[in-house]
Amino acid sequence: MLAAVGSAVGLGNMWRFSYLTAEYGGAAFVVLYLAITLLVGLPVLLAELAVGRGAQRSPIRALAHFGGSAWRPLGAVFVAAGFLILSYYSVIAGWTVRYALHALLGFDGDGVVEYFVEIREGWDAFGFHILFMAITIGVVAGGVKRGIERTALVLMPLLFALVIGLAVYAATLDGSAGGYSYYLAPDFSAIFSREVLTQASGQAFFSLSLGMGAMMTFASYLERSAHLPNESLVIAFADMGVAFVAGLVVFPMIFALGLADAVIGTAGTERDVGTVGALFVTLPKAFAEMGAGGRIVGLLFFSALLVGALTSALSLLEVVVSAAMDGLGWERRRAAVVMGAAVALLGVPAAWSVDVLGVMDGIANTIFLLGGGLGLAVFVGWAMQDPVGEVSTGAEGVRWFFLWRWLLRIAVPLVLVFVLVDAIPKTFQSVAALFGS
Ligand code: TRP
């Protein structure tokens with residue numbers, strides 16, 4: 001279960017959560033994200049855990065085990081999602097490596113925007129992307145994943161403690177009030193925006209590592225006595241908690257440090273970094289303001305974030321590698337090297353342009369993960385024999401499983417179809433716009 005928390009907590013909680021919150025209007029997005037995590041994410045998470053533990057095999061085989069070979073295409077969607085997500089995830093992890101190294105030298109507080117603009121794309125981004133992929137491949141090929149996960153056990157609490165400390169520090173800064181109202185006081189008209197709902201759903205799935213069989217893989221190692229509802233609650237609350245507190249760091253700082261124009265403000269000027277950089281310009285500026293101590297705090301923060309990114313990346317590559325081992329009969333080392341190299345190649349355009357990165361991120365979340373989640377909900381809700389019997393094992397006495405089943409059958413598919421109908425054409429338009437520009 002700790003490995004599952006390691007997969008969930010990563011760049012999604014820090015970089016992507018603050019990026020989307022800034023992009024989609026602040027508090028309204030946060031409210032929808034929390035609501036979707038509980039009403040849609042949690043039931044799908046429990047479904048993944050039930051299928052994984054019940055089948056005791058890798059995702060594609062697990063689907064076939066419970067549903068027959070007609071469900072194989074869903075497994076293919078899972079693998080494709082892992083492939084695509086890791087390819088650009090590694091670019092952002094590459095920025096993180098870069099920032100961890102630079103933290104030691106100290107950031108230049110006046111140049112944080114320019115610095116991010118300089119390193120986020122081009123040869124620099126490419127080099128660190130390849131470096132991060134090489135590390136990820138090495139860990140998966142060498143079978144030392146367990147060791148890394150154990151390291152993460154120590155570093156994840158450190159990351160969380162640092163984030164809490166930084167949230168307290170942010171509260172002491174002059175001018176932080178604007179950040180709290182942006183982050184916490186929702187504009188109710190935006191809550192009823194379908195676009196914000198779509199993005200909040202994608203974020204809930206991304207952050208929980210849902211919709212592509214990653215959680216299923218972890219669950220395949222669980223004992224039959226494991227209490228799945230409790231496990232799913234721990235994973236979901238740990239993940240939401242880290243994201244929520246990260247927002248309490250980033251948004252007050254954006255306002256207090258005078259970055260609101262550059263990050264949230266209108267696009268078009270050369271200095272504008274856009275919301276993608278919310279995390280990567282704000283924290284370095286704060287570390288620079290802290291003086292010498294800021295170097296240590298900055299180094300610790302970006303190193304811990306990097307370990308979080310690595311455990312998430314491992315879970316993504318693992319899904320692809322185990323599919324290659326099962327499906328093509330390759331041995332682990334070969335599967336890791338060949339598949340990892342292909343992923344690294346696919347990430348090159350994302351390293352070259354943040355616009356491409358944004359479009360890949362949109363495709364992955366709003367089509368693959370939400371589509372995969374819809375497939376899973378229908379699978380467990382309608383196709384699988386006796387899912388309630390499966391989740392009840394180890395959790396006897398829990399009375400709300402019938403509710404879970406009906407959420408999966410009706411409510412979750414309705415929400416996901418509603419969101420996908422909106423998202424699919426928009427995603428195609430964003431791809432077209434990329435080629436048009
Ligand atoms: N959840 C991770 C994060 O927040 C990213 C991630 C890891 C992921 N494995 C995944 C996302 C599987 C979707 C599916 O950084």
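Just so you know, ligand 1 is whichever comes first in the structure, and atom 1 is the first atom listed for that ligand. None of the values given here were measured: they were computed from a predicted structure.
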Participant: Counting each atom of ligand 1 from 1 as listed, which ones have a heavy atom of Ser315 under 4.0 Å away?
Facilitator: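 By the 4.0 Å cutoff, the relevant atoms are 7 (C), 9 (N).
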Participant: Return yes or no for this condition: an N or O of Ala214 is under 3.5 Å from an N or O of ligand 1.
Facilitator: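 No.
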Participant: Please check if atom CZ in Arg57 has more than 12 non-hydrogen atoms from other residues, nucleotides or ligands closer than 6.0 Å.
Facilitator: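 Counting other residues, nucleotides and ligands, CZ of Arg57 exceeds 12 neighbours.
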Participant: Please find out if less than 6.0 Å separates the ring center of His102 from that of Tyr115.
Facilitator: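 Between His102 and Tyr115, the centre distance is under 6.0 Å.
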Participant: Is there a side-chain contact (heavy atoms from CB on, under 4.5 Å) between Trp71 and Val378? Walk through the geometry before answering.
Facilitator: CA-CA 11 Å; Trp71 288 89; Val378 171; 4.2 Å; yes
Participant: Quick check: does Leu210 get an N/O under 3.5 Å from an N/O on ligand 1?
Facilitator: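 No, no N or O pair falls under 3.5 Å.
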Participant: Would you say the ring centers of Trp15 and Tyr19 fall short of 6.0 Å from each other?
Facilitator: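 Yes: the rings meet the under 6.0 Å criterion.
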Participant: When you measure from atom 5 (C) of ligand 1 to each heavy atom in Phe205, Phe17, Tyr89, Trp15, which option holds the nearest one?
Facilitator: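 Of the listed residues, Tyr89 has the closest heavy atom.
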Participant: Under 6.0 Å between ring centres, would you say that holds for Tyr169 and Phe287?
Facilitator: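 Distance test on ring centres: not under 6.0 Å, no.
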Participant: Check each of Met215, Gln203, Met212, Met14 against atom 14 (C) of ligand 1 and report the one with the nearest heavy atom.
Facilitator: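 Result: the heavy atom closest to atom 14 (C) of ligand 1 is in Met212.
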Participant: Which residue supplies the protein heavy atom nearest to atom 2 (C) of ligand 1, what is that atom called, and how far is it?
Facilitator: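 Here the nearest protein heavy atom works out to Ser7 O, 3.2 Å.
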Participant: What residue and heavy atom of the protein are closest to atom 11 (C) of ligand 1, and at what distance?
Facilitator: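 For this ligand atom, the closest protein heavy atom is Phe206 O, 3.2 Å.
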Participant: I want to check a possible cation-pi pair here: Arg194 against Phe418, using under 6.0 Å from ring centre and within 45° of the ring axis as the test.
Facilitator: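 Flagged: Arg194 positioned over aromatic ring of Phe418.
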Participant: Considering heavy atoms of the protein only, find what lies nearest to atom 4 (O) of ligand 1 and give residue, atom and distance to 0.1 Å.
Facilitator: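 Looking at atom 4 (O) of ligand 1, the protein heavy atom closest to it is Ala8 O, 2.9 Å.
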Participant: Checking Ser7 against Ser312: is there a side-chain donor and acceptor pair closer than 3.5 Å?
Facilitator: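 Result is no, nothing qualifies.
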Participant: Under 4.0 Å from a heavy atom of Gly10: which atoms of ligand 1 are those, numbered in the order shown and with their elements?
Facilitator: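 Matching atoms, with element in brackets: 3 (C), 4 (O), 15 (O).
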Participant: Quick one, Trp95 with Phe128, criterion ring-ring contact (aromatic ring centres under 6.0 Å, His included). Give me CA distance, side-chain angles, the key distance, then yes/no.
Facilitator: CA-CA 7 Å; Trp95 301 344; Phe128 283 93; over 10 Å; no
Participant: Which protein non-hydrogen atom lies closest to atom 13 (C) of ligand 1, naming both residue and atom, and how far is it?
Facilitator: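 The closest one turns out to be Ser209 CA, 3.6 Å.
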Participant: With atoms numbered from 1 as shown, which atoms in ligand 1 lie under 4.0 angstrom from a non-hydrogen atom of Leu11?
Facilitator: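 Near Leu11, the atoms of ligand 1 are 15 (O).
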